[in-house]
Amino acid sequence: MPELPEVEVVKRSLKNNIVNLTIKKVSILTNKLRYTIDEKKFNKTINKKIISVKRRSKYLLIFLNNGFVILIHLGMTGKFFIVKKNKPKQKTSFYYEIKANDVKHNHIIFTLNKNLKLIYNDVRKFGFLKVMHKDDLSKNAHLSKLGPEPLSKKFNFTYFKKYIFNKKKNIKNLLMDQSFVSGLGNIYVNEVLFLSKTNPKIISYNISTIEIKKIIRYIKEVLVKSIDKGGSSIKNFNNSDGREGEFQQEFNVYAREGQKCLKLDCRGTIKKIFTSNRSTFYCNRCQK
DNA sequence: TTCTTTGTTCCGGA
DNA sequence: GTCCGGAACAAAGA
């Protein structure tokens, strides 16, 4: 599931592969992803050059040389494939050989110059692509409500402490709240709370100064580490077989219900509960 | 057929 | 009016 590190890895891959290329053609194979696709808007991208690729929270932004931008959210299962026409077997770290059974989930195909194709593939169709003018980005409903980037200096002790004053929300829900900090999802929030030994149900205003510092430190540490590893939950991006990677080994608590706590000398067991309809995993001993 | 997964939005209660 | 948690929603696979 793409969270901030995975989106960052995708951004870097796109940056290395499609900047300075020109979109020659757009094929919309599915007219509805999360939102209905406005085909006319996509025509604005034809014969335009890609000048940069950026990330904000879990959103990708592909900027074109006519002032238009493609805003993308990968949802649960959104992926980009870059393939070389007529040479399907050729691969680099990001080139991907599409298997026949993946093709039915290809929804939007950008034909680029240099015989390349950029393909948006999404099994669950919870992602979206939207074309708009860059001047309209600041008032876009998705982007305008976002809190600070977790890796930025704005996300610090002072900000955190001030924000949780009187906040009755539990810490799990707070970290999931994109207006507080933008880019964390369920997997990384579970991991961070394990590392800081914080109980996910604790009321935010009750969190101690020491614990706040730990949470902030581990958020930054886990995200950076994951980005460096190429995004823990999309290892398959670099695999040629298109299967799920062994990313589950990377996690201390996520999807480890009933298993032993991995912390040395802790004999706890990983529990699974639901908070706001989201699966929450924590150790019953070290996250009191 | 039912359950699961996610981020976002909506709704009712406090 | 504000805050919060829970439910609903989207699609598809197991």
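Chain letters run A, B, ... following the sequence lines, proteins first and then strands; every chain starts at 1.
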Seminar exercise, completed: In whole angstroms, the gap separating C1' of dA12(C) from CG of L33(A) amounts to 14 Å
For this session: Respond yes when some side-chain nitrogen or oxygen of K125(A) is under 4.0 Å from OP1 or OP2 of dT5(B), and no when none is.
Result: no
Problem set entry | Phosphate-side-chain proximity, K145(A) and dT9(B), N/O vs OP1/OP2 below 4.0 Å | yes
Exercise. Does dT6(B) have OP1 or OP2 sitting under 4.0 Å from an N or O in the side chain of H73(A)?
Worked result: no
For this session: Please tell me which of the listed nucleotides, dC4(C), dG13(C), dT5(B), lies nearest to the side chain of K167(A)?
Result: dC4(C)
For this session: Report yes if at least one side-chain N or O of Y59(A) is closer than 4.0 Å to OP1 or OP2 of dT8(B); otherwise report no.
Result: yes
For this session: Using heavy atoms to find the nearest nucleotide of DNA chain C for N277(A) and K168(A) separately, return the residue whose nucleotide is more 5′.
Result: K168(A)
For this session: Starting from P on dC3(C), measure out to CZ on F165(A) and report it in whole angstrom.
Result: 13 Å
For this session: For N170(A), report the nucleic acid contact type (base, sugar-phosphate, nothing); a contact means any heavy atom under 4.0 Å.
Result: sugar-phosphate
Problem set entry | Of the listed nucleotides dC4(C), dG13(C), dT5(B), the one nearest the side chain of V123(A) | dG13(C)
Exercise. Could you give the NZ-to-P distance, from K169(A) to dG13(B), as a whole number of Å?
Worked result: 20 Å
Seminar exercise, completed: When rounded to whole Å, the CG to C1' distance for the pair L29(A) and dA11(C) reads 17 Å
Problem set entry | Ring centre gap for H73(A) and F126(A) strictly below 6.0 Å | no
Problem set entry | d(OH, Y205(A); C1', dC3(C)) in whole Å | 13 Å
Problem set entry | OP1 or OP2 of dA10(C) under 4.0 Å from side-chain N/O of K32(A) | no
For this session: Determine yes or no for a side-chain-to-main-chain donor-acceptor pair under 3.5 angstrom, with Q287(A) supplying the side chain and T198(A) the backbone.
Result: yes
Exercise. dG5(C) phosphate, OP1 or OP2: any side-chain N/O from N173(A) under 4.0 angstrom?
Worked result: yes
Exercise. Is it the case that K213(A) places NZ or CZ above or below the six-membered ring of F157(A), under 6.0 angstrom from the centre and within 45 degrees of the axis?
Worked result: yes
Problem set entry | Cation-aromatic face contact K167(A)/Y163(A), 6.0 Å, 45 degrees | yes
Exercise. What's the CZ-P distance between R124(A) and dA11(C), to the nearest Å?
Worked result: 12 Å
Exercise. Could K48(A) and F68(A) be counted as a cation-pi pair, given that NZ or CZ must be under 6.0 Å from the ring centre and within 45° of the axis?
Worked result: no
Exercise. Which nucleotide sits closest to the side chain of Q178(A): dG13(C), dT8(B), dA10(C)?
Worked result: dT8(B)
For this session: Would you mind reading off the distance between D122(A) atom CG and dA10(C) atom P, rounded to a whole angstrom?
Result: 16 Å
Problem set entry | For E149(A), the option from K220(A), R55(A), K154(A) that meets salt bridge (charged side-chain N to carboxylate O under 4.0 Å, His left out) | R55(A)
Exercise. Within the stacking criterion (centroid distance below 5.5 Å, interplanar angle below 30°), does F126(A) stack on dA10(C)?
Worked result: yes
Exercise. Side-chain N or O of Y188(A) less than 4.0 angstrom from OP1 or OP2 on dT6(B)?
Worked result: no
For this session: Check the distance between dT6(B)'s P and F128(A)'s CZ and give it to me in whole angstrom.
Result: 18 Å
Problem set entry | Residue whose closest nucleotide on DNA chain B lies nearer the 5' end, Y35(A) versus F274(A) | F274(A)
